[in-house]
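Single-structure report; data block below.
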Amino acid sequence: MNLAVPVDKLTPKDFATDQEVRWCPGCGDYAILKSVLKTLADIEAKPEQTVFVSGIGCAARFPYYVSTYGFHTIHGRAPAVATGVKLANPDLDVWVVSGDGDALSIGGNHLLHLLRRNVDLQFLLFNNEVYGLTKGQYSPTSHSGTRTPSSPRGSLESPLSATALALGAGGRFVARAIDTAQAYLPGILKRAHAHRGTSFVEIFQNCLVYNDAVHAAFTDRSVASERQIMVEHGKPMVFGKARDKGLRLRPGSLALEAVTLGEGGIGESDLLVHDETNRTLAGMLAAMAPPNLPVALGVLYCNPAPSYDRAVAAQAAAAKSGEGKLADLNTLMRAGNTWTVEA
Amino acid sequence: MEGSAALESGNRPRQELESAVVRFAGDSGDGMQLTGGRFTVETALAGNDLATFPDFPAEIRAPAGTTFGVSAFQINFGGRVIKTAGDHVDVLVAMNPAALKVNLTDVSAGGLLIVDTGAFSDKSLRKAGYATNPLEDGSLGDRRMIEVDMSQRTLDALKDSGLSKKDSLRCKNMWALGLAYWMFDRDRGATVKWLRTKFAKRAELADALVTVLDAGHAFGETAELSGELTAYSVPSARLAPGLYRNVTGTQALAWGLIAGIRLAEIDMVFCSYPITPASGLLHVLAAQQDPGIVTFQAEDEIAAACSAIGASYAGALGITSSSGPGVALKTEALGLAIATELPLVVVNTQRAGPSTGMPTKTEQSDLFQAVFGRNADSELVVLAAHSPADCFDCAVEAVRLATKYMTPVILLSDGYIANASEPWVLPDVESYSKFPVEFRRDPEGFQPFARDPVTLARPWAVPGTPDLMHRIGGLERDADSGNISYDPANHQRMTDLRAAKIAGVAKDIPDQDFASPPCDGGVLVVGWGSTYGPISRAVSDLRDQGLAVSHVHLRHIWPLPKNLGALLRRYDRILVPEMNQGQLVTLLRSEYLIPAEGLNKVNGKPFLIAELVSAIRARLEA
């Protein structure tokens, strides 16, 4: 008789490596790492089936700190490497960790096509609106006017919205969170993991050294509850410390507006209910910014579709020819017009 | 010299030729590649040795009738061993004035021109840039000419077919093919069968094409009876016994890669981005119905290389393919594969450059790029195929070395090899030695960068394997654990180990031999890649004349075979012909401190045998 041997569940600590973490003290990456390790333990990830792939940048050091398989690749190319991993073995559980420069500047093209193809993996974009590892240049998500060593008189470029880009590229799972949100970040990561296809999560991350408090306008404790809204599928969009504010469509216009419940006869039934399968709504939520509207967090969009790697594997499995033996190749090469020269 | 068989007019019976060079030339929409391809199949089935050379413009459909829209297909076939597509053209089939204009200079004195007079209108003459009609102004020299209104004869043959005039005229390449079949006594059976299969769903079109093919053939028979035309026969060649097929470089390379993964007992993930002239390999592999072959059309060249690396990391063999400008984009990724010591095969089907250069024209100017073209000390293995059929064994060798040594291997082909074809004795792949990959599974004492003492290869430990979890990356890593290391001594050690691993490949490849039995003294000709055909013919022609010429042709470009230095030092005069400005010759001079001399040509076309013969003669007489 076989006895079921109880296996101790792995803890977050079991998913950490013995490598010294080399982010700056106080970096938001520590908090994200903590949430990811907790998530891996919560979902009972198999270390041998899990792969972390990264490009270049502060965030890209991530794989060295997780005791699964890890591949620290080259700048911007992690989505391409990860796609190859999934093509070779779709059963692997792949996480890509990237930053705003890595994913949106040098690797923008690959991110676009990763989302379009819907390769089954989790893509975490740590957005701190600055290049950290190269010592503080402005990035594609930096606000216009950001003063950095490469833009001493203020950057002249308009920033890119990572979430809007993910939706525009056809992403099927798009979520947003804040680095220190231990309370809900693991939950979002769990949902990302459960979703089949590319699960895109933008994480607002603080760079203490080069861009401190860049997200403070909506993350600072004093304003957070008034300037953030956590959206949840099927629930009315309510926010505010007193849960007295909400979002609705401005009458006669395709625009969102923040309203106060009870003012002018507005009740909860007047508020929008979040529908995470509505891409148009997700786009409107992604575009919201203080001071007039809160920053939308949570799962903005989730609408599954078949993943690329599974479709490729299905097509290969349906292939006509047998087991791919050498003899099959001999047959293949002898098909068509051949002739014999006698000795 | 090849392609010099002068065709002389005469009467029946068929005049026997040792070999002949035929070129079909027309507008890029005239179906000349298809025509040449079918002629090649029937010629191969007739037992001739042959070599082909498709020459087409980069523009898919350049404006009709212009010289830059001319597409041509050349075949040299004979009853003797054929090494090249021929220096000169014996028979030019020209479907319009532009085709005549572009190709006339290659037609030998006394050669035969077959022109479609129906396409020689004032308008088309103007488009081709002719001020006067070359058929009438005496500008064609002493070439002989058959003037036939192929267009009208095609229309006549199809007057009851129900096809429109436009559609009917699109069949006229079959008329020319039918005439060529008659002229060289080729069977039509395989062509008819092929047409009926290809157009199975459009029976009326298949009927029309066969009707026109027969009409062209019948024209020949009738004209022969009246003494207007001469018919030729080319006896079958005395080829080595065996089962043959005709094969292009692209096809042989694809099969070689498949043979390689079967012998290695792993799957293939082939990642590529479309680029001329390399895309054919993606097409052939994508068409395979084989569960062990996945093809991926990436978003760009970089993604193609990186996804191939990801596939190798996960336990398949990642292969990427491109041409020079695309390989340039893959450079950083190659560095990653070198640093992380993952197997990877990179096929470079070279073309004329720099930059976009001449995408459909051949060149072998990426040798430096392959051997040296990366940042830092970053060695890898470089192989070069010398003919269409040779691509097969080179591809097998590339897979063997990549998987055994955990290294990227660059396999150099070129636009000529990829598109040209030749008869090939079909190998029995089941008789090849297997080289099964052994993935690391044992966690006992596992270190990601601990090396095999003989090959210096690190273990291939793939995700999914229990208890072998580890991290790798582009940052310099500890010589054992693979953890990030900035230790100065470790970097020195790792750099030395990476170089020693590649240098050690030389112990695992055959000693360099001569391409044909050598002479002592005289001139040694050293070649690589697609110059094999013309060099070997030039050398054998000179040897027939009693001159002291020897030929070495390199497959292994890096590392070089370990006996090569000693072999080269036996000769005082070494000539290195290359379709570049002198790349292999520079490598040989720097490696062996020998006074090798280059012979260089970059006009987008293969060497002519005559060019090599005169260059070698000059060195013999020096």
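Here is how names work: the chains are called A, B, and so on, in the same order as the sequence lines, proteins then strands, and each is numbered from 1.
At a 4.5 Å heavy-atom cutoff, B:Lys193 makes no contact with chain A through either its backbone or its side chain. Both the backbone and the side chain of B:Ala44 come within less than 4.5 Å of a heavy atom of chain A. Using a 4.5 Å cut-off between heavy atoms, A:Val66 touches chain B through its backbone atoms (N, CA, C, O) alone. For B:Asp428, the parts lying under 4.5 angstrom from a heavy atom of chain A are both the backbone and the side chain. Interface remark: B:Leu45 contributes backbone and side-chain atoms alike to the contact with chain A (heavy atom separation under 4.5 Å). For B:Leu342, the part lying under 4.5 angstrom from a heavy atom of chain A is the side chain only. Neither the backbone nor the side chain of B:Trp194 has a heavy atom closer than 4.5 Å to any heavy atom of chain A. With a 4.5 angstrom heavy-atom cutoff, B:Val269 touches chain A only via side-chain atoms. In this structure, chain A has no heavy atom under 4.5 Å from any part of B:Ala252. Contact annotation for B:Ser236: neither backbone nor side-chain heavy atoms come within less than 4.5 Å of a heavy atom of chain A. There is no contact between B:Val247 and chain A, counting heavy-atom distances below 4.5 Å. Residue A:Phe52: no heavy atom, backbone or side chain, is found under 4.5 Å from chain B. Only the side chain of B:Gln288 comes within contact range of chain A, with heavy atoms under 4.5 Å apart. If you measure heavy-atom distances from B:Leu317 to chain A, you find no contacts under 4.5 Å at all. When heavy atoms are compared at a cutoff of 4.5 Å, B:Ala259 approaches chain A by way of both its backbone and its side chain.
With rounding to the nearest 0.5 angstrom, the OG1 atom of A:Thr338 is 12.5 Å from the CH2 atom of B:Trp424. Annotation: the span from B:Leu468 atom CG to A:Tyr69 atom OH amounts to 4.5 Å, rounded to 0.5 Å. Separating the CG atom in A:Leu87 from the CZ atom in B:Phe270 is a distance of 13.5 Å, to the nearest 0.5 Å. A:Thr73 OG1 to B:Glu332 CD: the interatomic distance, rounded to the nearest 0.5 Å, is 9.0 Å. Atoms CZ and NE2, on B:Arg471 and A:His72 in that order, are 13.5 Å from each other to the nearest 0.5 Å. In this structure, OG1 on B:Thr465 lies 9.0 Å from CD on A:Gln49, to the nearest 0.5 angstrom.
Using cut-offs of 30° and 60° on the angle between ring planes, the pair A:Phe71 and B:Tyr313 is tilted.
One N or O on the side chain of B:Arg245 and one on the backbone of A:Ala335 form a donor-acceptor pair closer than 3.5 Å.
Between chain B and the options A:Gly70, A:Ala60, A:Ala327, the largest number of non-hydrogen pairs under 4.5 Å is found for A:Gly70. For the options B:Cys306, B:Ala316, B:Cys271, heavy-atom pairs under 4.5 Å to chain A are most numerous at B:Cys306. Contacts with chain B were tallied for A:Thr68, A:Ile56, A:Leu92; A:Thr68 has the most, counting heavy-atom pairs under 4.5 Å. The residue among A:Thr83, A:Leu112, A:Asn109 with the most heavy atom pairs within less than 4.5 Å of chain B is A:Asn109. Looking only at heavy-atom pairs under 4.5 Å with chain B, the residue among A:Arg117, A:His75, A:Arg116, A:Glu342 that has the most is A:Arg117.
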Pair A:Leu326, B:Lys434 - check side-chain contact (heavy atoms from CB on, under 4.5 Å), show working. CA-CA 10 Å; A:Leu326 277 169; B:Lys434 289 192 171 188; 3.8 Å; yes
Test side-chain contact (heavy atoms from CB on, under 4.5 Å) on B:Met469 and A:Thr50 and set out the steps. CA-CA 9 Å; B:Met469 289 79 74; A:Thr50 307; over 6 Å; no
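Contact check for A:His110 versus B:Ile302: side-chain heavy atoms found under the 4.5 Å cut-off. Contact check for B:Ile484 versus A:Arg61: side-chain heavy atoms found under the 4.5 Å cut-off. Using a 4.5 Å cut-off on side-chain heavy atoms (C-beta onward), B:Val429 and A:Met333 make contact.
Around the OH atom of B:Tyr273, the shell of radius 6.0 Å holds no more than 12 heavy atoms that belong to other residues, nucleotides or ligands. Atom CD of A:Gln315 has 12 or fewer heavy atoms from other residues, nucleotides or ligands within 6.0 Å.
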